[in-house]
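First up is the structure itself, then whatever we jot down about it.
Predicted, not measured: the structure shown is a model, and the values here were computed from it.
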Amino acid sequence: MKSAATLMFFAAMLGLGCGRTSPPTPPVAVASNTDPTAAPRPPGNPMRALRIEMLTKGPQEFDLAPSERFPRIYGVVMDWPIDGQTVSVIGFCDGNASLYTTGTFGIMGGVSHESVRAAAQDLVRAAEPFHDVAQPTRDLSYPDPGTVRFYFLTFTGARMIEAPESKLSTGTEELSSVWSEAQRLITALHKVSEGSPAPAQP
């Protein structure tokens, strides 16, 4: 379930701005949603461009390699339609995390905070059991309203799986465990952005 604090956070971010916005970013050429190898589109929203960058860069560009703790998946991108926009929350196995929107606001970084690092890594670990269920994909479009899409960034390419938000939020969908960890990461980023770091989880 979405907490009141989370809803207030997104209401502020999506409508009025939030406590911390992303640093100014110059226009970026964004690759085609359906084919990362296609010709670049004209410069667009920096948040959308950063999402595409996270989805299309290989693990070597983030200096990441398979490990005992993270043998197949090194990152998760969750696209969540809410209030007419889409929030993309991103967690990597090295503890890096970001939150982008289809608007102009986002939160980048947070890796220096233990709460964010732990939440990002727990999100990646939660995705591991669903590696084989998710399908390899090159479709980087946003999901339809009411549907949450998970991209698993693996050492052999991106995989995708999605589920209805109504089932995820009530815990009646297998992917609810991944959803819950993504919500925890959002909460950690929220608290850091407000200047009140969330406590690390055991």
Side-chain angles (χ1 to χ4, degrees), residues 1-34 36 40-57 75-92 96-110 116 119-120 123 127 137-153 158 160-170 173 175-176 178-194:
M1 297 292 290
K2 297 186 286 290
S3 69
T6 299
L7 288 172
M8 289 176 64
F9 171 50
F10 283 124
M13 182 191 299
L14 299 178
L16 302 174
C18 61
R20 174 179 300 172
T21 62
S22 60
T25 306
V28 179
V30 184
S32 166
N33 273 354
T34 56
R41 294 189 299 186
N45 184 294
M47 295 292 102
R48 293 173 186 258
L50 287 168
R51 170 186 173 273
I52 292 291
E53 186 177 325
M54 294 297 103
L55 288 168
T56 56
K57 278 188 171 182
V76 174
V77 177
M78 184 185 81
D79 287 336
W80 176 21
I82 180 173
D83 293 341
Q85 296 191 36
T86 300
V87 172
S88 298
V89 59
I90 300 165
F92 275 24
N96 270 293
S98 300
L99 188 150
Y100 306 137
T101 74
T102 48
T104 58
F105 297 99
I107 303 171
M108 288 181 281
V116 173
L123 172 59
T137 187
R138 298 182 73 182
D139 176 9
L140 306 183
S141 60
Y142 289 104
D144 294 330
T147 300
V148 178
R149 180 172 292 176
F150 299 90
Y151 288 98
F152 299 157
L153 308 181
M160 187 264 284
I161 191 170
E162 56 186 23
E165 181 188 347
S166 58
K167 291 187 176 181
L168 291 167
S169 60
T170 56
E173 159 67 45
L175 284 164
S176 293
V178 186
W179 162 266
S180 295
E181 294 300 339
Q183 295 296 319
R184 190 162 73 87
L185 177 54
I186 291 170
T187 298
L189 285 167
H190 172 201
K191 291 184 177 180
V192 166
S193 75
E194 293 295 311

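The CD atom of Q183 sits 9.0 Å away from atom OG of S169, with the distance rounded to the nearest 0.5 Å. Distance check: Y100 OH to M54 CE gives 4.5 Å after rounding to the nearest 0.5 Å. With values rounded to the nearest 0.5 angstrom, E162 atom CD is found 7.5 Å from D144 atom CG. Distance CG/L189 to CD1/I90: 10.0 Å, rounded to 0.5 Å. Note that CD1 of I161 is 11.5 Å distant from CZ of R149, once rounded to the nearest 0.5 Å. Separation of atoms CD1 (I52) and CG (L140) is listed at 5.0 Å; rounding is to 0.5 Å.
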- prompt: How far apart are the C-alpha atoms of V76 and L153, what are their side-chain angles, what is the distance that settles it, and do they pass the side chain to side chain contact (heavy atoms under 4.5 Å, CB included) test?
  reply: CA-CA 6 Å; V76 174; L153 308 181; over 6 Å; no

message: Let's go through T86 and W80 carefully: what are the C-alpha distance in whole Å and the side-chain angles of both, what is the deciding distance for side chain to side chain contact (heavy atoms under 4.5 Å, CB included) to 0.1 Å, and is it a yes or a no?
response: CA-CA 5 Å; T86 300; W80 176 21; 5.6 Å; no

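Heavy atoms only, all atoms of each residue included: Y151 and S141 are closest at OH-O, 3.1 Å. Nearest heavy atoms, E165 versus V148: CB-CG2, 3.8 Å. The minimum heavy-atom distance between A182 and V89, with the atom names listed, is CB-CG1, 4.1 Å. Closest non-hydrogen pair, S88 versus V77, comes out as CB-CG1, 4.5 Å. Across L175 and A163, no two heavy atoms sit closer than the pair CD1-CB, 4.1 Å. Contact detail for P81 and D79: the closest heavy-atom pair is CD-O, 3.8 Å.
For T147 (side chain) and P164 (main-chain N/O), no donor-acceptor pair under 3.5 Å exists by modelled atom type.
In this structure, F150 has no ring-ring contact (aromatic ring centres under 6.0 Å, His included) partners at least two apart in sequence or on a different chain. Take E173 and apply the side-chain hydrogen bond (donor to acceptor under 3.5 Å, both in side chains) test, not counting sequence neighbours, and it matches no residue.
At a cut-off of 3.5 Å, with distance as the only test, no side-chain donor of T137 or D139 sits close to an acceptor on the other residue. In summary, the side chains of R51 and T102 do not present any donor paired with an acceptor at a separation below 3.5 Å, with no hydrogens or angles considered.
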